[in-house]
Asker: 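Next up is a structure, given as structure tokens.
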Amino acid sequence: MATQLTPMPIEGEGFANPVKQLGGLLGQPAVKRSLPMILMVGLIASAALAWFMLSTPTQKTLFSGLPDSDKAAVINALKTGGITGRLDEATDAVTVNEGDYSKARMLLAAQGLPKSAPAGYAILDNMPMGTSRAVEGERLRQARETELARSIEDIDAVAEARVHLAVPENTVFVRDNAAPSASVVLKLQGGRSLSDAQVGSIVNLVASSVPGMKPENVTIVDQAGALLSKPDGAGSANDARVRFQTQVEQKYRDQLTTLLTPLVGAGNFTAQVSADVNLDDVSSTRESYDKSGSLRAEQGAWTGKDGTTGAPGGIPGALSNIPPGPTTVTQPNAQPTPGATPAPGATPTPAATPTVPDTAKTQDSYARAYDLGREVSVTRNAPGGLKRLSVAVVLRDVDGSKPRTPAEIQQLTQLVTSAVGADTTRGDQVTVISRRFAAGTSADAGPKFYESSWFSMVVRNVTAVVIALLVLILGVRPLSKVLLKKRDEAARGGRDLAALGIGAPMGSAGAISAPVRLDALESGNNLDDRLGNVRGFTRDNPARAALAVRDMIKADAR
């Protein structure tokens with residue numbers, strides 16, 4: 001029996017045309033028969049890979065660089081708490097599902113894990129002997145930065161913190177000494193912010209931890225690049241004014257919330273307050289004098305009718321026997337001390353002056369000094385006075401309830417007026433109305449369903465299931481039908497050939513010969529070659545051979 005052998009490729013042409021070799025490989029009957037099974041296995045593997053990739057939640061790094069003891073303790077604690085923890089071999093980090101990250105951090109923090117978290121000054125413990133001074137300084141600075149960062153992270157609103165210190169070298173020249181400075185980068189918790197007081201606390205904490213550092217040399221930036229620390233004097237006055245006005249308005253809003261919540265219910269009203277606050281700092285000084293004044297001192301002389309002055313004169317002893325004339329005795333006043341200042345409210349006392357009857361004087365000449373009354377008043381008006389107040393309150397009409405009557409609106413208006421202390425003489429306005437709220441403006445409305453953590457997990461799982469079903473329906477199912485159909489046709493053709501006593505053509509070495517075309521059935525030289533060609537054609541085309549046998553049987557029956 002002649003056997004048709006497949007020609008061997010010529011040596012040196014193995015990689016001459018890989019596309020042709022691949023086409024020849026795929027054209028072999030064994031490969032053709034197994035190609036549908038290979039495609040089906042590939043589709044199933046692709047579906048399984050897509051399922052594993054989409055069904056596994058996104059992982060987030062919990063800790064990295066932990067020792068083995070802490071890794072085991074953290075994994076066990078997470079497992080006990082019902083959280084799946086994974087160990088990433090590539091990055092040597094402990095990861096958890098993104099939705100369980102916050103819960104895992106709280107669980108481990110409550111148990112004090114990890115216990116061997118590296119401390120700042122632990123860097124100094126591992127410093128080898130013989131280290132240079134420059135390296136020691138850098139290690140000390142690094143330890144100080146780490147400790148400051150850990151202290152800042154203790155604040156509730158701060159998730160992570162990094163501190164950079166710029167400390168210049170000390171020098172003996174005073175003019176070359178530069179002040180140290182620091183930069184702090186903060187990563188805040190989601191939805192949290194730092195108040196001005198907290199920012200000032202961080203600034204003072206960093207400045208107090210480095211000798212010679214001033215608070216104005218500390219810069220704080222958040223994860224969005226916003227500057228949190230402000231230098232002194234840069235808009236501080238305007239910020240203080242705006243903050244004070246905001247505090248006043250918030251105070252009135254809190255009063256309205258406390259008043260209206262028991263009456264109309266939470267979320268059934270909205271209130272806005274606009275306060276015109278006098279933020280001017282005014283200082284005034286006033287001085288006033290008494291027009292009449294009071295006599296302080298007098299100096300002068302007078303002349304009598306006989307041309308003599310009031311001073312004694314004449315021959316001593318001549319008038320010793322003449323009785324003196326009538327005189328007026330006055331009580332002398334105390335002479336003021338030169339340079340002394342009279343007490344406030346007291347009238348200066350004039351100097352003692354002898355009282356002489358006007359009939360005895362012909363002329364007088366006096367120099368008199370008067371003290372005028374003086375009053376100094378200093379007034380300072382501190383900012384914070386309320387110029388005008390406007391209050392607007394909108395009440396919600398609940399669906400299914402009766403509208404509010406004007407009397408109820410008037411009562412609520414009076415309550416609001418009394419709560420905020422509105423004064424009509426000052427021009428204050430209070431407006432209360434009742435309206436229906438638009439849909440979706442309720443204060444108690446929760447987040448959208450697609451913003452929930454479970455929605456992303458459901459989407460991933462549904463997507464994986466849909467991809468797997470599409471692979472099975474569009475890929476595996478048609479291939480399986482084709483394979484089953486070919487198997488049935490081969491089995492039916494085999495049964496027909498077995499009934500006729502025709503076997504499969506085999507080569508002398510048991511190998512399957514090359515495919516035989518229809519026009520080559522009668523090209524054999526002898527009977528054996530023709531039988532071999534028929535067997536090869538029957539092997540390659542069992543369905544056509546079965547049809548030919550059936551037609552032959554029918555022809556013989558006729």
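Here, residue 1 is the first one in the sequence, and each next residue gets the next number.
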Asker: Shortest non-hydrogen contact from A77 to Q111?
Answerer: CB-OE1, 3.3 Å

Asker: Just verifying a value: how many Å separate L228 CG and S195 OG, rounded to the nearest 0.5 Å?
Answerer: 10.5 Å

Asker: In Å, rounded to the nearest 0.5 Å, how long is the span from CE of M106 to NZ of K103?
Answerer: 10.0 Å

Asker: Whether the side chain of R388 engages the backbone of G427 through a donor-acceptor N/O pair (distance < 3.5 Å, no angle test) should be reported.
Answerer: yes

Asker: Check the pair D88, Q59 against side chain to side chain contact (heavy atoms under 4.5 Å, CB included), reporting the backbone distance first and the verdict last.
Answerer: CA-CA 10 Å; D88 192 352; Q59 297 295 304; over 6 Å; no

Asker: Go through Q198 and V158 one step at a time and tell me if the side chain to side chain contact (heavy atoms under 4.5 Å, CB included) criterion holds.
Answerer: CA-CA 11 Å; Q198 290 175 322; V158 179; over 6 Å; no

Asker: G421 and D428: which non-hydrogen atoms are nearest, and at how many Å?
Answerer: O-OD2, 4.3 Å

Asker: Could you tell me if the side chain of V416 sits less than 4.5 Å from the side chain of T413, heavy atoms only?
Answerer: no

Asker: Out of curiosity, Q189 CD to L194 CG, how far, rounded to the nearest 0.5 Å?
Answerer: 10.5 Å

Asker: Hey, is E136 close enough to R139 for a salt bridge, meaning N to O under 4.0 Å?
Answerer: no

Asker: Taking all non-hydrogen atoms of both residues, which atom of T61 and which atom of T95 are closest, and how far apart?
Answerer: CA-CG2, 4.0 Å

Asker: Starting from the C-alpha separation in whole Å, work towards a yes-or-no answer on salt bridge (charged side-chain N to carboxylate O under 4.0 Å, His left out) for E138 and R141.
Answerer: CA-CA 5 Å; E138 290 297 323; R141 182 183 58 81; 2.4 Å; yes

Asker: Answer yes or no: is there a side-chain heavy-atom contact under 4.5 Å between E408 and T405?
Answerer: yes

Asker: So, do I202 and L186 sit near enough that their side-chain heavy atoms are less than 4.5 Å apart?
Answerer: yes

Asker: May I ask you to test the I83-N97 pair for a side-chain heavy-atom distance under 4.5 Å?
Answerer: no

Asker: Do L256 and F269 have side chains that get closer than 4.5 Å, going by heavy atoms?
Answerer: no

Asker: Spell out, as yes or no, whether a donor-acceptor pair under 3.5 Å connects the side chain of E153 to the backbone of A161.
Answerer: yes

Asker: Would one find more than 12 heavy atoms of other residues, nucleotides or ligands at under 6.0 Å from atom CZ of R253?
Answerer: yes

Asker: Indicate the atoms forming the closest heavy-atom contact of T257 with T261, along with that distance.
Answerer: O-OG1, 2.6 Å

Asker: Are any non-hydrogen side-chain atoms of Y101 and E98 less than 4.5 angstrom apart?
Answerer: no

Asker: In Å and rounded to the nearest 0.5 Å, what is the CG to CG distance from L87 to L62?
Answerer: 11.5 Å

Asker: Would you say that more than 12 heavy atoms from the other residues, nucleotides or ligands in this model lie under 6.0 Å from the NZ of K387, or not?
Answerer: yes

Asker: Sequence neighbours left out, cut at 3.5 Å: what donor-acceptor pairs do the side chains of residues 218-226 make with other protein atoms?
Answerer:
residue : atom : partner : partner atom : Å
D222    : OD1  : A224    : N            : 3.3
D222    : OD1  : G225    : N            : 3.1
D222    : OD1  : A226    : N            : 2.6
Q223    : OE1  : L188    : N            : 3.1

Asker: If we only count heavy atoms from C-beta on, is the R404 to V264 side-chain gap below 4.5 Å?
Answerer: yes

Asker: Going through the distances and angles, do L165 and V210 end up as a side chain to side chain contact (heavy atoms under 4.5 Å, CB included)?
Answerer: CA-CA 9 Å; L165 299 178; V210 180; 4.0 Å; yes

Asker: Could you tell me if the side chain of S229 sits less than 4.5 Å from the side chain of L227, heavy atoms only?
Answerer: yes

Asker: Checking F244 against V277 for the side chain to side chain contact (heavy atoms under 4.5 Å, CB included) test, could you report, in this order, the C-alpha distance in whole Å, the side-chain angles of both residues, the deciding distance, and whether it holds?
Answerer: CA-CA 9 Å; F244 180 77; V277 183; 3.6 Å; yes

Asker: Backbone N or O of A275 within a donor-acceptor pair of the E249 side chain at under 3.5 Å?
Answerer: yes

Asker: With rounding to the nearest 0.5 Å, note down the distance linking CG in D154 to CG in L205.
Answerer: 10.0 Å

Asker: Which heavy atom in L259 sits nearest to a heavy atom in L415, and how many Å separate them?
Answerer: CD2-O, 3.7 Å

Asker: Which heavy atom of V432 sits nearest a heavy atom of I409, and at what distance?
Answerer: O-CG2, 3.4 Å

Asker: Rounded to the nearest 0.5 Å, how far does CG of L260 lie from CD of Q255?
Answerer: 11.5 Å

